[in-house]
Colleague: 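Structure in structure tokens, see below.
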Amino acid sequence: MRSRATMECARVMFLLLLSLVLLAPFNISSAAVATNAKPPCNFPAIYNFGDSNSDTAGISATFEPIQAPYGESFFRKPAGRFSDGRLLIDFIAIIRWLEFNRQLKARIRTLRAELGHAAITYVDVYAAKYELISNTKNQGFVEPQKICCGVHEGNTHVWCGQKGIVRGEEVFGGACTNPSGYISWDGVHYSQAANHWIADHILNGSFSDPLIPITHACHTRLHH
């Protein structure tokens with residue numbers, strides 16, 4: 001049996017990235033009061049499971065390197081990410097945490113009971129993204145269907161970083177002049193600005209179960 005001290009040091013928090021359709025208003029004032037006396041957590045590791053919106057170079061390393069103009073807003077060059085800059089996981093990793101999946105809410109309750117020393121946080125990322133997409137103009141973004149990178153005219157698409165023929169001429173699928181005003185970077189992946197917005201709204205605990213800021217999610221007492 002591991003000692004309590006060892007388990008405390010090895011504690012890893014999983015942000016469970018879920019796809020819930022139902023949005024509900026959250027009140028985190030009581031949680032904020034409860035966490036005021038607690039120090040921020042220092043998570044030892046990040047385990048990220050997801051699609052290309054959270055891939056930090058695995059696809060690029062395994063198959064084909066991502067080409068410019070990907071990465072231009074932050075890295076100034078391609079960095080293996082399907083965005084103009086940092087991804088949601090990059091912003092979250094700045095202050096250290098982790099993520100995961102869905103359909104686990106019932107299982108989470110069981111795990112919390114079985115793993116008394118574990119701090120498991122369930123985060124509804126779908127709800128955070130839906131909130132942004134539903135209120136794009138109020139948040140300073142253009143319409144969510146507009147795409148920053150590439151040439152998109154009707155059913156004609158020259159995808160980001162690629163060349164194609166449009167009206168008989170070869171064109172390059174370059175980036176728009178203001179990526180920070182777009183939610184969609186390339187028609188599939190989020191822009192750095194959108195990732196940043198989503199990360200900010202996840203970090204304060206608004207889309208978490210329990211409703212506590214992610215910086216304090218290692219404190220098991222707040223999970224029960």
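Values below: every heavy atom of this structure, side chains too, minus hydrogens, waters and symmetry copies. Fair warning: this is a prediction, and the values are worked out from it, not measured in the lab. Along the sequence shown, residues are numbered consecutively beginning with 1.
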Colleague: Answer whether the closest heavy-atom distance between the side chains of V151 and E153 falls below 4.5 Å.
Modeller: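 With C-beta onward as the side chain, the pair touches.
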Colleague: Drop me the distance from H196's NE2 to H201's NE2, to the nearest 0.5 angstrom.
Modeller: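 It is 10.5 Å, given to the nearest 0.5 Å.
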Colleague: Tell me whether F141 shares a hydrophobic cluster with V125, the cluster being built from Ile, Leu, Val, Met, Phe, Trp, Tyr side chains joined at under 4.5 Å.
Modeller: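 Yes, because F141 and V125 connect within a single hydrophobic cluster, where side-chain heavy atoms sit under 4.5 Å apart.
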Colleague: Should N53 and L88 count as side-chain neighbours, where that means a heavy-atom distance under 4.5 Å?
Modeller: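 Side chain of N53 against side chain of L88, heavy atoms only: no contact under 4.5 Å found.
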Colleague: Is a salt bridge present between K77 and E72, judged by a nitrogen-to-oxygen distance below 4.0 Å?
Modeller: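 Looking at K77 and E72, the cut-off is not met.
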Colleague: Which heavy atom of T121 sits nearest a heavy atom of A217, and at what distance?
Modeller: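 Result for this residue pair: OG1-CB, 3.3 Å.
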Colleague: For the pair W185 and Y70, name the ring-plane relationship: parallel under 30°, tilted 30 to 60°, perpendicular over 60°.
Modeller: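 Correct class here is perpendicular.
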Colleague: Side chain of D90, backbone of L87: donor and acceptor closer than 3.5 Å?
Modeller: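 Yes; judged by distance alone, with no hydrogens or angles, the pair exists.
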Colleague: Kindly say whether E131 contributes a backbone atom to a donor-acceptor pair with the side chain of N135 at under 3.5 angstrom?
Modeller: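 Checked: pair present.
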Colleague: Please confirm whether the backbone N or O of Y190 pairs with a side-chain atom of S83, one donor and one acceptor, at under 3.5 Å?
Modeller: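 Yes.
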Colleague: To the nearest 0.5 Å, how far apart are OG in S134 and NZ in K129?
Modeller: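 Rounded to the nearest 0.5 Å, the OG-NZ separation comes to 13.5 Å.
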Colleague: Are the side chains of I183 and T136 in touch, meaning some heavy atoms are under 4.5 Å apart?
Modeller: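 Counting from C-beta outward, I183 and T136 do come under 4.5 Å.
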Colleague: How long is the gap from OH on Y122 to CG on D124, to the nearest 0.5 Å?
Modeller: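 Nearest 0.5 Å value for the OH-CG distance: 6.0 Å.
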Colleague: Taking all atoms of both residues into account, what is the closest heavy-atom pair of G173 and C149, and its distance?
Modeller: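 Scanning both residues completely, I find the closest heavy atoms to be O-SG, 3.7 Å.
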Colleague: Does the side chain of S208 reach to within under 4.5 Å of the side chain of I214, using non-hydrogen atoms?
Modeller: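 Side chain of S208 against side chain of I214, heavy atoms only: contact under 4.5 Å found.
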Colleague: How about I165 and E169: do any of their side-chain heavy atoms sit closer than 4.5 Å?
Modeller: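 A side-chain contact is absent here, since even the closest heavy-atom pair is not under 4.5 Å.
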Colleague: For the atom pair CG (L211) and CG (N204), what is the distance rounded to the nearest 0.5 Å?
Modeller: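 The CG atom of L211 sits 10.0 Å away from the CG atom of N204.
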Colleague: Whether the side chain of S191 engages the backbone of A194 through a donor-acceptor N/O pair (distance < 3.5 Å, no angle test) should be reported.
Modeller: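 Here the side-chain-to-backbone pair exists.
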Colleague: Quick one: name the residues clustered hydrophobically with F75, using the 4.5 Å side-chain heavy-atom rule over I, L, V, M, F, W, Y, and just say none if it's on its own.
Modeller: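 F75 clusters with F74.
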Colleague: Heavy atoms, side chains only, cut-off 4.5 Å: are T56 and R81 in contact?
Modeller: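 In short, these two side chains touch, coming nearer than 4.5 Å.
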Colleague: Going by atom types only, do D84 and Y182 share a side-chain donor-acceptor pair under 3.5 Å?
Modeller: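 Note: D84 and Y182 side chains miss the donor-acceptor criterion.
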Colleague: Can you tell me if H216 uses its side chain to pair, donor with acceptor, with the backbone of I212 under 3.5 Å?
Modeller: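 Flag not set: sc H216 to bb I212 has no pair under 3.5 Å.
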Colleague: With a 4.5 Å heavy-atom cut-off, do S180 and Q192 have their side chains touching?
Modeller: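 No. Closest side-chain heavy atoms not under 4.5 Å.
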Colleague: Would you compute the distance between atom CG of D186 and atom CZ of F82 and round it to the nearest 0.5 angstrom?
Modeller: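 CZ of F82 is found 8.0 Å from CG of D186.
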Colleague: Quick check: do P210 and R112 have side-chain heavy atoms less than 4.5 Å from each other?
Modeller: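 When only atoms from C-beta onward are counted, R112 and P210 do touch, with a gap below 4.5 Å.
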